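One structure below.
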Amino acid sequence: MRTPPDIPRRIIDWFAANGRELPWREPGFPAWGTLVSEFMLQQTPVARVIPRLAEWLERWPTPEDLAKVPAGEAVRAWANLGYPRRALWLHQAAVEITERHGGIVPDDVDALLALTGVGDYTARAVSVFAYGSRHPVVDTNTRRVLARAIDGDGEPGPPSARRDLAALENLLPDDLVDAHAFNAGIMELGAIVCTARNPRCDDCPIADACAWRRAGYPPFEGKRKTVQKKYEGSDRHVRGLIMAELRAAHLPVTVREINSLWADAAQRDRALAGLVADGLAVQQEQGYVLP
DNA sequence: GATTCGTGGAC
DNA sequence: TGTCCAAGAAT
């Protein structure tokens, strides 16, 4: 597939002029802050992350500060960001950084990948955005831009780290500063212009080079990512109700209180057992508490 | 590779 | 109103 050589340059220039001012893009923002922000941004929109991130960094300015409090404090401060296991994992990562890296967030992708809760995206995002190293960083926004502009598809297929990283590496500038700006810029383009629904192609710096647009926006026919199950009435729903109760309580939550949250006993027990297995709830004599 | 895992806003 | 989707990771 033909790829105009100036696509990276145009995205870099567009990003310099149109990128949002976000906390983690401010000069001098600490690597720890970048790591925390990336954990929070895993499946949670930017607007909801910003206030929680500020609180978090004020309370725990370094990994060591977080590592020395109980994990339950992290889960409580996570509030309603969703997927509370991420709070548990971030706390564990802080412990690992304190024990294995002298309290300094590592800059090496492999060292980052070894941290709990850090995967292909987060490891590279921290290495690149916090430390300026040169790696492809591929998130859902980038995957969508590549699918459309390069492959001519309306949607990216199911993610594959190997393929996705190779696809971005093909476009990644050699220069360190340019590579950083391109990684950030293509993500930003996917986030605010090349959006999943109603893309704003009139504002796109590479619209004239976009394979999907050139082909007349054909409907997507490839394999779609698995559809999200309905939340209402699901196990996740019940887990969420229990977690909200645990976060709000400063005394053990009794079985009676948990029973009042959901009528279906089998589903309730399944959810509670799952939370205990995940380490998000701990059973005591009087009831359940955060870890 | 397919599933599971919260929460809330946008359309 | 219900569906879609959001800077993913672990299993």
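Every chain is numbered from 1 and lettered A, B, ... according to where its sequence line falls, protein lines coming before strand lines. If you're wondering where the values come from, they're calculated on a predicted model, not measured in any experiment.
The residue A:Pro159 sits apart from the nucleic acid: no heavy atom pair falls under 4.0 Å. Residue contacts for A:Asp120: at a heavy-atom cut-off of 4.0 Å it reaches the sugar-phosphate backbone alone, with no base atom in range. In this structure, A:Val118 reaches the sugar-phosphate backbone alone: every heavy-atom distance under 4.0 Å involves primed, P, OP1 or OP2 atoms, never a base. A:Leu22 comes within 4.0 angstrom of a base, heavy atoms only. Across all strands, A:Phe39 comes closer than 4.0 Å to no nucleic acid atom at all (heavy-atom distances). Residue A:Gly82 is classed as a base contact, given a heavy-atom separation below 4.0 Å to a base. Across all strands shown, A:Ala125 has no heavy atoms under 4.0 Å from either base or sugar-phosphate atoms. A:Arg247 comes within 4.0 angstrom of sugar-phosphate atoms only, judged by non-hydrogen atoms across all strands, and of no base.
Whole-Å rounding puts the A:Met187 CE to C:dA6 C1' distance at 12 Å. One can place CZ of A:Phe220 at 15 Å from P of C:dC4, the figure rounded to the nearest angstrom. Taking atom CG on A:Asn198 and atom C1' on B:dG9, their separation rounds to 15 Å, with Å as the unit. Atom CH2 in A:Trp78 sits roughly 12 Å away from atom C1' in C:dA9 (whole-Å rounding). The separation between A:Leu275 atom CG and B:dC5 atom P is 10 Å, rounded to whole Å. Rounding to whole angstrom units, CD1 of residue A:Ile192 and C1' of C:dA6 are separated by 15 Å. The CG-P distance, from A:Asp164 to C:dG8, rounds to 12 Å in whole Å. Rounded to a whole Å, the CD atom of A:Gln43 is 14 Å from the P atom of B:dT7.
Using a 3.5 Å distance cut-off with no hydrogens or angles, the side chains of A:Arg86 and A:Thr44 do pair a donor with an acceptor. No hydrogens or angles considered: a donor-acceptor pair under 3.5 Å links the side chains of A:Glu96 and A:Gln92. Side-chain contact check for A:Tyr288 and A:Glu245: no donor-acceptor pair (N or O, by modelled atom type) lies under 3.5 Å.
What you find for A:Trp60 and A:Asp65 is that their closest heavy atoms are CD1-O, 3.4 Å.
Side chain of A:Ala196, nearest nucleotide from C:dA7, C:dA6, B:dG9: C:dA6. Across B:dG6, C:dG8, B:dT7, the shortest atom-to-atom separation from the side chain of A:Arg48 is found for B:dT7. Among the nucleotides C:dA10, B:dC11, C:dA7, the one closest to any side-chain atom of A:Trp89 is C:dA10.
A:Gln42 contributes no side-chain N or O that forms a donor-acceptor pair with the base of C:dA10 under 3.5 Å. Side chain A:Thr44 to base B:dG6: a donor-acceptor pair is found below 3.5 Å. For A:Gln228 and C:dC4, a side-chain-to-base donor-acceptor distance below 3.5 Å is absent, hydrogens and geometry of angles not being considered. For a distance-only test at 3.5 Å, the side chain of A:Arg236 qualifies as a donor-acceptor partner of the base of B:dG6.
Across C:dT1 and B:dG8, the matching C1' atoms stand 16 Å from one another, rounded to whole Å. Annotation: B:dC5 and C:dA7 have their P atoms spaced 22 Å apart (nearest Å).
Looking at which nucleotide of DNA chain C each of A:Gly117 and A:Glu38 is closest to, the 5′-most match is held by A:Glu38. Where A:Tyr83 and A:Lys223 meet DNA chain B, the nucleotide closest to each residue was compared, and A:Lys223 sits on the side nearer the 5' end. Where A:Asn80 and A:Arg85 each meet DNA chain B at their nearest nucleotide, the meeting point lying more 5' is that of A:Arg85. For the pair A:Lys230 and A:Val46, both in contact range of DNA chain C, the more 5′-proximal nearest nucleotide belongs to A:Lys230.
Within the 4.0 Å cut-off from OP1 or OP2 of B:dT4, at least one side-chain nitrogen or oxygen of A:Lys229 is found. Applying the 4.0 Å criterion to OP1 and OP2 of B:dG1, one finds that A:Arg163 has every side-chain N and O outside that range. Considering only side-chain N and O atoms, A:Thr122 lies under 4.0 angstrom from the phosphate OP1 or OP2 of C:dA9. One finds a side-chain N or O of A:Tyr231 lying less than 4.0 angstrom from the OP1 or OP2 phosphate oxygen of B:dT7. Note on A:Arg144: a side-chain N or O is less than 4.0 Å away from OP1 or OP2 of C:dA6.
Residues A:Arg148 and A:Glu155 are not paired through a salt bridge, judged by the lack of any N-O separation under 4.0 Å between the basic side chain and the carboxylate. Using a 4.0 Å cut-off between charged nitrogen and carboxylate oxygen, A:Arg9 and A:Asp13 count as a salt-bridge pair.
Using a 4.5 Å cut-off on side-chain heavy atoms (C-beta onward), A:Arg25 and A:Arg20 make contact.
Taking the six-membered ring for Trp and thresholds of 30 and 60 degrees, A:Phe129 and A:His180 have ring planes more than 60 degrees apart, a perpendicular arrangement.
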